[in-house]
Student: 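I'd like to ask some things about the structure below.
Predicted model, so just to flag it, every value in this text is computed and none were measured. Here is the naming used below: chain letters follow the sequence lines, and residue numbers restart at 1 for every chain.
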Amino acid sequence: MTRYLLRRLIAMPLLMLGVATATFLLSHITKADPLAAIVSERQMNNPEIVAAAKARWGLDRSLPEQYAVYISNLVQGDLGVSFRTRRPVADDIGARLPATLELVVFAMIFGVTAGIGLGVAAAHWRDGWIDHGARLVALIGSSMPVFWTGLILLYVFSVVLGVFPGPGRIDARVAPPPGVTGFYTLDALIAGDMERLRLALAHLVLPAFVLGWAVMGIISRLVRGSMLDVMEQDYIRTARAKGAGEGRVLFAHALRNALIPTLTIIGHSFAYLITGAVLTETIFAWPGIGAYAVDSARSLDHPAIIGVTLVGAAAFLIANLVTDIAYALANPRIEIGRADG
Amino acid sequence: MAEAVRIRPGLPGWLTPPVAVGLAVVAFWVAAALTADLWGLADPLRMVARRLQPPSGAHWLGTDALGRDVLSRTLHGARISLTIAAVVVAAAVSLGAALGAIAGFVGGWVDGLVMRLVDVTLAFPPVLLAMAVAATLGPGLENAVVALVAVWWPVYARLMRAQVLEVRTREHVEAAIACGAGPMRLLTRHILPLCWTPVLINATMDVGQVILLAAALSFIGLGATPPTPEWGAMISEGATQFYSWWIAFGPGFAILTVVLGFNFLGDGLRDFLDTRSAR
Amino acid sequence: MTGAAGLEIRGLRVGFPGGLEAVRGVDLSLARGEVLGVVGESGSGKSLTWLAAMGLAPRGARVEGSVRLMGEELIGAPRARLRELRGNRIAMIFQDPLSALNPVLTVGTQIAEAIRLHNPDLGGREVRERVRELLDRVAVPQAARRAGQYPHEFSGGMRQRVMIAMAIANDPDILIADEPTTALDVTVQAQVLEVFERLRAELGIGIALVTHDLGVVAGRADRVAVMYGGRVVEEAGVDALFASPQHPYTRGLIGSLPTVAGAGGRLTAIPGAPPSLAARPPGCSFAPRCPIAEARCQAEDPVLMPAGDGRRAACHFAGARPAAPAATGPARAPVSGEPVLSVRGLVKDYRMDGGLLPPVLGGAGAARLRAVAGVDLDLAAGETLGLVGESGCGKSTLGRCILGLVAPTAGSVRLRGTELAGLTRAQMRPWRRHLQIVFQDPYASLHPRMRVGEIIAEPMRLLLGRAPSAAQVAVLLERVRLEPAFARRYPHELSGGQRQRVGIARALAVDPDVLVLDEPVSALDVSIQAGVLNLLADLQAELGLAYLFIAHDLAVVRHVSHRVAVMYAGRIVESGPAEALHTAPRHPYTQALLAAAPVPDPPAERRRRRQLPEGEPPDLLAAPRGCAFRARCWRASDRCGAELPALRAVDGGHAVACHHPEPVAATAPAGA
């Protein structure tokens with residue numbers, strides 16, 4: 001098992017290098033002058049700044065040299081400067097990261113728990129109305145354009161019914177809780193400020209629900225499928241032959257096995273959450289990376305787009321690595337020397 | 001032993017209720033795309049009424065900020081979305097399946113090269129990669145199509161390779177080698193015909209996902225450019241007119257139903273094949 | 001045999017939606033301390049009968065009739081009561097012990113669960129103590145340590161012992177063993193059957209031994225029930241059943257068995273195939289295949305009637321014909337002549353993926369698995385060489401190396417003097433018309449989307465460069481006793497036996513000299529096996545083919561072969577004329593194989609004293625120095641650990657690779 005995990009750990013930086021290379025090539029096929037993307041239009045006339053930028057990004061050198069400079073800048077955490085905000089992309093992303101992370105974590109919690117519950121229920125009452133209902137809910141989750149669902153839910157629950165607050169992380173008149181973690185809920189909890197905690201949670205409900213729905217759909221379909229597979233296995237019959245009751249069969253024997261294949265999809269569903277974040281943050285005026293990415297894309301701010309893409313890929317890779325580790329720990333069948341199981 | 005639920009005896013086994021629902025919905029939207037001009041609706045590109053009118057008898061889905069008929073624009077949008085999806089899926093399947101089949105069958109460094117390319121591409125969250133590619137190439141539908149193919153081909157390459165690797169170890173392939181079949185005959189006659197089913201099911205389900213991502217690109221402003229009646233772009237316009245909810249409702253509902261249709265179709269087909277292979 | 005002292009099944013029926021009846025009125029009884037053998041082929045309803053009796057019939061099944069355990073009715077009993085009884089008074093074990101154990105729970109946890117479910121008050125220490133005791137009872141060594149391991153860390157035989165330990169956790173009255181040894185190698189099967197023997201003797205458990213293998217019940221059962229088409233067709237004491245079977249199906253089954261004792265000659269094959277659930281004939285299910293069926297049999301389903309001596313048979317003409325004489329004859333004499341195929345020093349290594357880095361990045365050296373470790377073989381025209389060994393011994397790899405389907409690592413394969421080893425696929429092609437293969441799995445080895453006609457035509461088209469006419473295809477089908485109409489069918493429309501015949505026809509299409517038969521009958525039901533074996537014998541006589549017959553079943557190999565080679569851990573440990581090898585085996589492994597192979601002759605089985613090897617076939621990744629068998633060998637000496645024994649001739653073509661090649665002691669007659 002250690003060997004398997006070591007191998008995955010070694011693959012990580014290699015994949016990251018591949019990702020960086022891909023973005024490097026991408027930024028070189030763009031029709032736009034890369035200099036124009038780094039230096040703002042007005043400063044293009046200033047030869048000093050242009051020369052400095054050229055030197056810093058190595059644009060006066062050959063392609064392999066530029067590649068080396070690009071990679072070494074990346075390693076030092078330099079993602080370039082956004083020409084829209086005029087700030088280093090890394091700083092922009094760092095400032096917006098907690099908002100997105102908080103949203104993603106809540107969406108993930110909702111999606112995974114609801115997905116497992118729905119999947120188990122659908123498998124247990126296979127072909128009954130619960131199963132059909134669960135299928136519909138799950139398929140709607142992966143069929144809806146989140147940017148539209150967010151819009152509609154916001155209109156219905158905030159404007160028409162008024163049960164949830166409008167866009168934003170917290171009411172506009174209320175100052176955010178003192179920043180420790182950047183998660184408003186945690187920060188409010190740390191400060192013991194229950195009112196702010198309630199507000200922050202209320203603002204999280206709609207966007208986390210919209211984001212988590214797709215994840216719930218994917219996970220519930222997978223849990224249902226693997227539960228049905230597992231329930232056909234001989235060891236389930238063995239458990240029954242021992243005299244185990246249905247509840248014990250379902251939860252002590254079946255679910256544990258059914259969740260092992262499901263674990264792998266949890267890392268993968270991270271991609272859906274990033275997609276969701278990119279597309280819903282704008283709707284919910286959520287000051288996170290997603291909204292930043294959309295704003296950058298709309299103004300063709302290449303350094304920012306590439307920066308977000310790199311950070312997103314890194315986050316996705318880390319999520320997949322964590323899943324693989326969890327998978328290896330949960331599955332006793334992965335052994336030393338029998339990797340790639 | 002459990003037979004899949006059939007609608008009526010006499011119909012083919014794969015036509016389960018979910019598949020039938022999916023087929024009906026998809027058929028409706030394909031028909032809408034083909035006949036959008038014949039419904040006697042207003043010109044989707046011209047101002048035909050006052051701006052921001054809520055739904056009424058004359059304009060069932062209301063009018064947008066430029067006074068255009070939302071229903072007409074929604075129906076015409078089907079043409080664009082379905083065409084993009086068909087082109088993207090066809091291109092991604094051809095490219096991915098070809099590379100995957102070669103990688104799986106030839107093996108060695110060819111396999112290594114293709115699979116590393118696949119690994120790197122799949123390391124990006126799809127929406128970010130599509131955004132980056134589309135932003136690099138500049139806004140426009142053609143560039144959006146390229147971006148989407150770049151996102152989707154590795155899925156099919158990986159799937160096809162796995163299929164080829166599995167099928168090539170089956171005994172009937174060994175039997176064919178013993179019968180003197182050469183590499184081309186092995187691949188085309190004995191391996192590939194048994195690899196297509198999961199690829200095609202995935203493709204069916206992906207049509208929906210491609211429609212979603214294409215709309216998302218337009219929503220961001222990297223796909224269709226105004227005044228094209230594209231669903232994602234229309235929702236984006238609707239988002240700026242938040243209190244005129246009907247502008248976004250039509251195109252959003254259109255995306256939801258057409259994608260749901262493809263998902264039902266793919267999910268039902270997959271269920272049917274799973275139960276059949278389990279028997 | 002009163003019902004109150006055991007299990008009493010009366011009129012049990014199991015049906016499925018759509019009117020399919022899988023079990024159609026079964027009456028059986030099983031007393032404590034008794035072993036009831038239940039024999040049947042696939043689809044006979046033998047497993048379903050017992051699952052239904054346990055209340056474990058699959059979803060959607062409709063169960064009717066009566067099942068009484070110690071006088072208490074189980075059919076229709078409340079679910080809570082059934083749970084109390086299951087695993088407590090009545091227990092069951094299944095065919096495949098790997099899939100029957102939960103992979104994510106330790107073995108100890110799973111046994112403990114069986115105890116705790118029925119003794120909720122027991123403390124942790126008492127349960128642990130009991131788990132250890134149970135593992136000791138089924139002879140799992142180092143019980144305390146092994147209880148903490150997961151099922152995948154156990155070998156097949158050990159897993160089945162764990163299943164047994166779990167089943168007897170609460171001293172049940174009745175134990176149902178559903179094909180308990182089918183997934184195991186023959187030496188391991190004998191070890192596990194010994195465990196059953198002890199359970200009956202020490203605990204007085206009544207055991208239902210459900211199997212397709214007549215040999216397994218011959219030595220272990222007191223009574224035997226034969227099932228066919230969802231019913232019991234005959235039931236009798238074990239001696240009476242084998243000595244004078246009353247039902248024509250029983251007679252056919254016994255006649256179709258090749259035995260270790262007898263060899264050569266024709267087997268009495270049963271024509272046709274077992275009925276499918278959906279297409280059961282009216283009247284007697286066996287009538288379409290029965291040699292003595294009359295009009296009445298097609299109209300009227302016979303009931304199970306007493307036939308004297310406590311026997312019962314369900315046949316209108318029970319006992320009407322004398323039992324067919326067992327088809328035995330003299331062993332087939334070795335064929336002399338120039339070898340068509342000769343193999344020298346054949347080696348096949350597999351690289352196991354063990355390194356930390358992929359090889360591209362200069363990863364550490366991968367482990368090497370030597371599947372075939374230097375094999376010499378000669379095969380003459382018209383001769384059958386039987387290659388026998390347990391799973392993982394390298395026999396199938398050897399067959400594939402000879403055909404170049406797998407590239408050998410070293411060694412030579414000569415076909416009529418031409419070197420084939422080292423040829424590329426393209427260079428190999430012209431030689432393929434002389435060298436063909438029949439595969440084990442008749443389902444996997446035929447292209448599912450090609451018609452039988454195309455499948456048979458493919459080798460001619462590719463190797464002879466001309467597509468055969470319909471008439472030529474018909475001739476080939478005729479040769480394997482199939483109707484010409486089969487050419488238009490797809491493989492999934494054929495039964496297992498018919499598919500295997502198609503596989504043989506395909507191999508014969510190019511008139512080869514040598515046929516490698518890789519376990520050609522092991523996937524087939526017993527009654528079908530005999531027909532295919534007879535066909536192979538006829539074809540050899542007609543066409544003068546040379547066969548390399550690879551199998552794990554000693555009886556089958558003995559029946560078909562002129563010469564036999566025994567393989568263990570990649571090497572041939574003994575080879576010689578079939579007769580000599582069976583009557584005077586010299587290698588302890590051969591002796592063990594013969595001792596372990598069940599014989600369908602109850603008195604002989606009971607008389608046998610067995611010298612069984614301990615343990616199971618070795619893991620080739622950790623191949624020991626010296627003789628690979630020494631860890632399991634009762635004659636092993638220091639020399640065996642130091643020095644690999646070479647294959648040396650003992651007499652007339654009989655060779656042994658052993659430092660202590662002693663004949664079997666007179667007190668332990670092998671092979672009866």
Student: For a quick check under 3.5 Å, do T23(A) and Y70(A) share a side-chain donor-acceptor pair by atom type?
Tutor: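 Present: a donor and an acceptor within the cut-off.
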Student: Is L154(A) close to chain B through its backbone or its side chain, or both, or neither, when contacts mean heavy atoms under 4.5 Å?
Tutor: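 For L154(A), heavy atoms of backbone and side chain both lie under 4.5 Å from chain B.
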Student: If I measure from the heavy atoms of chain B, does T21(A) come under 4.5 Å with its side chain, its backbone, both, or neither?
Tutor: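 For T21(A), no heavy atom lies under 4.5 Å from chain B.
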Student: What part of I305(A) is in contact with chain B, defined as an atom under 4.5 angstrom from a non-hydrogen atom: side chain, backbone, both or neither?
Tutor: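 Contact with chain B: side chain only.
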Student: Heavy-atom distance under 4.5 Å to chain B: side chain of I152(A), backbone, both or neither?
Tutor: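 Only the side chain of I152(A) comes within 4.5 Å of chain B.
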Student: L122(B) versus chain A, heavy atoms under 4.5 Å apart: side chain, backbone, both or neither?
Tutor: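 The backbone, not the side chain.
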Student: Side chain, backbone, both or neither: which part of L279(A) has a heavy atom under 4.5 Å from chain B?
Tutor: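 Interface part for L279(A): both.
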Student: Counting only heavy atoms not in Y156(B), do more than 12 sit closer than 6.0 Å to its OH atom?
Tutor: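 Atom OH in Y156(B) is crowded, with more than 12 foreign heavy atoms closer than 6.0 Å.
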Student: Quick one: are N202(B) and R270(B) in side-chain contact, heavy atoms under 4.5 Å?
Tutor: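 No; the side chains remain at least 4.5 Å from each other.
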Student: Are the side chains of W29(B) and L75(B) in contact, using a 4.5 Å heavy-atom criterion?
Tutor: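 Yes. Closest side-chain heavy atoms under 4.5 Å.
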Student: So for P251(B), is it side chain, backbone, both, or neither that comes closer than 4.5 Å to the heavy atoms of chain A?
Tutor: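 Neither part; nothing is under 4.5 Å.
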Student: Under a 4.5 Å heavy-atom cut-off, does chain B meet the side chain of A297(A), its backbone, both or neither?
Tutor: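 Answer is both: backbone and side chain atoms of A297(A) are under 4.5 Å from chain B.
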Student: Chain A heavy atoms under 4.5 Å from T257(B): which part of the residue, side chain, backbone, both or neither?
Tutor: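 No part of it gets close to chain A.
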Student: Below 4.5 Å from any heavy atom of chain B, which atoms of Y155(A) appear? Answer side chain, backbone, both or neither.
Tutor: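 For Y155(A), the contact with chain B is made by backbone and side chain together.
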Student: Which label fits F209(A) and W213(A): parallel for a plane angle under 30°, tilted from 30 to 60°, or perpendicular past 60°?
Tutor: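 The arrangement is tilted - the two ring planes meet at 30° to 60°.
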Student: Heavy-atom distances under 4.5 Å only: say whether V258(B) touches chain A with side chain, backbone, both or neither.
Tutor: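 V258(B) has no heavy atom closer than 4.5 Å to chain A.
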